[in-house]
Amino acid sequence: MTTDLDALIKDLDLPAKISLLSGADTWSLPPLPEIGLDRLVMSDGPIGVRGEGWSQADPSIALPSPTALAATWDLDLARQVGRLLAQEARRKGVHVLLAPTINLHRSPLGGRHFECYSEDVHLTGEVGAAYVEGVQEGGVATTPKHFVANDFETERYTVSVQVSDKVLREVYLRPFERVVRAGAWGLMTAYNSVNGTTMSEHSELVNGVLKDEWGFDGYVVSDWNAVRTTEPSAFGGTDVAMPGPKTPWGDKLAEAVRAGRVPESVIDDKVRRILRLAQRTGALRSHSPAAEPPQAINGVALAREVATRSFTLLTNNGVLPLPAGTGSVAVIGSAAAEARIMGGGSAVVFPERTVSPLEGLREYGGAQVRYALGTDPNPRLNPLKAPATGEFVDAGGTVLAAEELERATGLWISGLPEGADTAELHRVRLRVRFVPEVSGEHLLSVQGIGPFSLTVDGETVYEGVVELEGDDPAAVLVAPPERRVAVPMTAGVPYELVISNVAHDYGGRRVVVFSLGHADPRPDEDALIAEAAGLAAASEVAVVVAGTTMAVESEGFDRKDLRLPGRQDELISAVARANPRTVVVVNSGSPVEMPWVDEVAAVLLVWFPGQEAGAALAEVLYGEAEPGGRLPTTWPVKLADCPVADVTPVDGAVPYDEGVYIGYRAWARHDVAPAFWFGHGLGYTTWSYDAIEAEGRRVAVTVTNTGARRGREVVQVYTGEGADRVLAGFGVVEAEPGQSVRAELELAERAFQVWADGWRTVEGTHRIEAGGGYDDPALSTSIRL
Ligand code: BGC
């Protein structure tokens with residue numbers, strides 16, 4: 001449907017136009033009823049749609065982390081994920097999903113590594129494009145982010161990435177080019193600078209490359225608070241400054257237009273892009289196509305399917321799948337009882353339910369399942385798992401508003417409940433009824449900043465002011481400080497716990513972020529490890545779930561090392577000594593060192609598996625589902641081996657000196673081998689690679705399932721030599737035992753091109769190899785271009 005957007009623009013005066021260019025609040029653009037424009041609402045992804053509320057009161061489906069989605073290598077599945085997210089967005093009145101994140105795995109230390117897809121440009125671009133298409137099919141916009149070179153977090157607001165034109169084109173811009181050509185309706189610019197110019201002012205890349213060269217007709221939104229100037233950012237190609245209401249645009253930009261310093265045509269172009277976005281997403285009422293009724297997709301089932309399909313089996317001596325008659329399973333590890341289902345930061349959503357590995361295995365039934373903690377690597381206690389009432393009270397103790405919560409975390413980031421946001425608000429308290437299951441010294445904690453009090457049955461057990469550590473205000477969300485107290489409690493007796501804190505100011509808004517932490521009485525860690533090993537020895541199989549914590553993988557900071565935090569390595573070795581049938585389940589969004597890899601019977605990566613974590617795990621361990629994942633990133637033995645790792649700016653800059661050689665391309669010219677190459681992953685069956693035929697960029701690969709059960713294989717095709725060998729195409733096939741199937745692929749044109757002031761196809765003969773991983777060139781042929 002075409003609408004004369006220019007006619008609408010003519011009806012708007014300058015203040016109305018300018019008002020559209022800044023957030024009305026944290027997540028929306030203001031409505032303009034005079035032209036039938038609704039409020040345009042944006043929300044974070046990428047694993048769900050958080051919606052405008054940032055709280056448990058507004059739950060959403062939580063899918064596995066983007067690394068997990070990429071590990072499926074399945075574009076149909078990525079498209080289906082997009083469709084589900086569109087359904088979620090519409091349910092929540094969201095027009096624009098702030099996703100997908102298509103920065104690259106340049107260094108495994110990158111704090112948002114879990115939120116990006118891959119080290120490979122082709123896989124990233126293809127998964128990103130399928131996701132974008134799926135979401136937008138549902139009439140919801142996407143904003144691939146963060147344009148561009150936002151591949152680490154340290155000094156992210158100010159750092160300048162120094163990178164050549166060729167490297168930008170061939171590596172960091174390439175996935176963006178792919179999703180833009182797939183039709184993305186939006187795009188988010190990054191916080192960082194590229195070659196000295198901050199991305200929200202980077203006219204050369206935003207106006208020049210994105211809008212002019214690639215023909216992007218969508219809208220460009222800044223990252224949150226990234227617009228820091230008036231005119232340079234207005235000229236830089238950014239169309240919308242978020243969040244609002246206070247941005248450096250508004251009156252100052254109107255004044256610059258009136259004074260003739262910014263042509264009104266620059267403003268009109270931004271307005272046109274926003275109206276086009278509104279039209280596409282149904283927010284421009286009389287001018288938008290009628291919305292198709294959303295297809296009903298079962299989010300819980302899809303979350304589980306993506307999880308099983310993403311789980312990546314790195315090693316297996318035959319212990320998996322577990323036989324149906326397995327009598328007893330020892331389930332070990334803090335992440336077994338409380339898996340990390342997602343990474344930290346703006347990617348956080350609040351699912352209605354989560355299934356821990358322990359719950360998943362117990363619910364699956366069959367074997368006797370017993371649990372041991374082993375060690376607790378968490379820097380903070382987990383929030384008490386008991387229903388709580390959040391109460392907003394004035395100085396006289398009158399309750400202004402109340403909300404029921406699933407557990408003892410008070411989190412109101414995007415607005416307080418109705419009735420609470422008044423000058424009278426004095427304190428926010430959580431009232432929790434808690435019945436301990438064991439007697440002894442329970443650990444309780446306050447987590448957050450500001451004045452706290454904690455009472456147990458009316459008696460004060462903690463009172464004090466907790467200060468923020470460091471100077472990053474986002475730390476209260478991603479790394480809150482904690483104060484602990486030990487309180488004797490008796491099993492079976494109900495206690496009333498009340499924690500109280502105050503709302504604080506964050507960027508002009510009042511936010512509440514605090515938790516009541518809890519841990520059952522426990523012996524010291526040596527005894528815990530010994531107890532876990534004892535349980536493993538007394539069980540047929542031991543499953544250790546080990547992973548990173550919220551202090552390790554999150555937006556806002558980079559990792560310092562790749563070690564499993566705390567004493568988890570020691571725990572795994574102790575359990576493996578006690579039981580040779582030990583399966584290690586690695587619960588992390590990105591690579592960790594595994595010094596015990598040869599001591600255990602199997603290693604299964606589950607990434608950040610989303611809300612259905614444990615249900616999916618039980619299906620895969622028992623072989624009801626095959627672990628379908630293949631590594632989207634090369635896995636090092638240790639950090640010191642990594643050819644590209646450094647993310648610490650020197651004098652405000654990070655030079656991408658390695659050029660195009662990141663990921664497997666860096667490992668290929670390195671003198672140390674990784675633990676597992678890109679593309680690696682075992683299923684529960686085996687495959688033979690039988691034949692390859694190629695005709696131009698069309699390739700057909702015939703594979704046969706040589707195992708005893710139905711399975712799925714990710715056929716990968718690479719081209720080039722040495723460190724210039726790259727993934728050119730891939731496809732997922734399924735076959736019954738003994739069955740042969742053909743994977744038909746179209747290889748990416750860009751895989752045969754280099755950038756030299758324009759794309760040039762490298763003419764001549766190209767070697768083409770197909771196999772089940774980067775290091776498995778099972779078949780080869782050549783093509784001439
Ligand atoms: C993140 C973005 C996110 C935005 C809004 C920023 O800090 O970098 O990815 O979309 O916040 O939450």
Side-chain angles (χ1 to χ4, degrees), residues 22-29 40-55 58 60 65-66 85 89 92 94-104 110-117 128 131-132 135 140-159 161 176 179 184 186-193 198-200 219-228 238 240-244 247 342-350 411-415 472-479 506-507 509 511 513 553-558 589:
S22 290
D25 50 38
T26 314
W27 303 115
S28 74
L29 296 182
L40 254 169
V41 180
M42 310 178 201
S43 167
D44 276 313
I47 60 153
V49 184
R50 196 174 53 240
E52 290 183 88
W54 190 308
S55 85
D58 191 12
S60 26
S65 59
L85 295 174
K92 291 187 163 208
V94 167
H95 302 93
V96 181
L97 188 61
L98 302 170
T101 306
I102 55 169
N103 299 114
L104 294 173
R112 296 178 89 166
H113 195 285
F114 71 88
E115 202 187 313
C116 306
Y117 292 127
Y131 179 106
V132 161
V135 174
V140 172
T142 57
T143 56
K145 63 190 186 182
H146 311 80
F147 187 76
V148 59
N150 186 179
D151 312 293
F152 57 93
E153 294 293 282
T154 309
E155 297 179 21
R156 65 174 171 158
Y157 300 111
T158 53
V159 69
V161 168
F176 283 100
V179 297
L187 185 123
M188 187 190 291
T189 44
Y191 285 125
N192 54 280
S193 296
T198 192
M199 280 311 303
S200 44
Y219 92 120
V220 175
V221 63
S222 72
D223 200 345
W224 266 227
N225 296 309
V227 166
R228 285 166 231 138
T238 299
V240 168
M242 288 299 282
T247 75
M342 63 182 102
S346 61
V348 167
V349 299
F350 300 90
L411 196 59
W412 289 271
I413 304 263
S414 325
D472 182 354
V476 66
L477 193 63
V478 294
Y506 180 72
R509 285 171 291 123
V511 301
V513 188
E553 287 185 81
S554 170
E555 176 180 335
F557 49 86
D558 288 314

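When a ligand or atom number is given, it counts from 1 through the structure's own listing order.
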(request) Say whether Glu115, considering both its backbone and side-chain N or O atoms, lies within less than 3.5 Å of an N or O atom on ligand 1. (result) no
Side-chain donor-acceptor distances from residues 342-349 under 3.5 Å, at least two apart:
{"residue": "Ser346", "atom": "OG", "partner": "Arg112", "partner atom": "NH2", "Å": "3.2"}
{"residue": "Ser346", "atom": "OG", "partner": "Glu555", "partner atom": "OE1", "Å": "2.6"}

(request) Could you tell me whether some N/O pair between Lys145 and ligand 1 is separated by less than 3.5 angstrom? (result) yes
(request) State the atoms of ligand 1, each with its element, that fall below the 4.0 Å cut-off from a heavy-atom position in Ser346. (result) 1 (C), 2 (C), 3 (C), 9 (O), 12 (O)
(request) Return the minimal non-hydrogen interatomic distance between Trp224 and Val221, and the atom names on each side. (result) CZ3-CG2, 4.0 Å
(request) Taking all non-hydrogen atoms of both residues into account, name the closest pair between Gly51 and Val94 and its distance. (result) CA-CG2, 4.2 Å
(request) Taking only heavy atoms of Arg156 into account, list the atoms of ligand 1 that are under 4.0 Å away from them. (result) 7 (O), 8 (O)
(request) Specify side chain, backbone, both or neither for Met42, according to which of its non-hydrogen atoms lie closer than 4.0 Å to ligand 1. (result) neither
(request) Among all protein heavy atoms, pick the one closest to atom 3 (C) of ligand 1 and tell me residue, atom and distance. (result) Asp44 OD1, 3.3 Å
(message) Polar contacts were defined as any N/O atom of the residue lying under 3.5 Å from an N/O atom of the ligand; does this apply to Arg50 and ligand 1?
(response) no
(message) Quick test of your reading of the model: are Lys145 and Asp44 salt-bridged, counting only N-O distances below 4.0 Å?
(response) yes
(message) Which heavy atom of Met42 sits nearest to which heavy atom of Leu29, and what is that distance?
(response) CE-CG, 3.8 Å
(request) Between Met188 and ligand 1, find which residue part has any heavy-atom pair under 4.0 Å and reply side chain, backbone, both or neither. (result) side chain
(request) Identify, for atom 2 (C) of ligand 1, the protein heavy atom at the shortest distance, and state residue, atom and that distance. (result) Asp223 OD1, 3.3 Å
(message) Minimum heavy-atom separation for Leu85 and Gly48, please, with both atom names.
(response) CD2-CA, 3.6 Å
(message) Holding to side-chain hydrogen bond (donor to acceptor under 3.5 Å, both in side chains), I want the full list of residues that pass it with Asn225, two or more places apart in sequence or in another chain.
(response) none
(message) Just to be sure I read this right, does ligand 1 sit under 4.0 Å from the backbone of Trp27, its side chain, both, or neither, counting only heavy atoms?
(response) side chain
(message) For ligand 1, which is the ligand I care about here, please tell me if Trp224 has any N or O atom under 3.5 Å from one of the ligand's N or O atoms.
(response) no
(request) State the atoms of ligand 1, each with its element, that fall below the 4.0 Å cut-off from a heavy-atom position in Arg112. (result) 1 (C), 2 (C), 8 (O), 9 (O)
(request) Specify the closest pair of heavy atoms between Glu52 and Asp58, including all atoms of both residues, with the distance to one decimal. (result) N-OD2, 4.0 Å
(request) Output the list of atoms in ligand 1 that are nearer than 4.0 Å to some heavy atom of Tyr191, sorted by atom number. (result) 6 (C), 7 (O), 8 (O)
(message) On a heavy-atom basis, which atom in Ala241 and which in Thr247 lie closest, and how many Å separate them?
(response) O-CG2, 3.7 Å
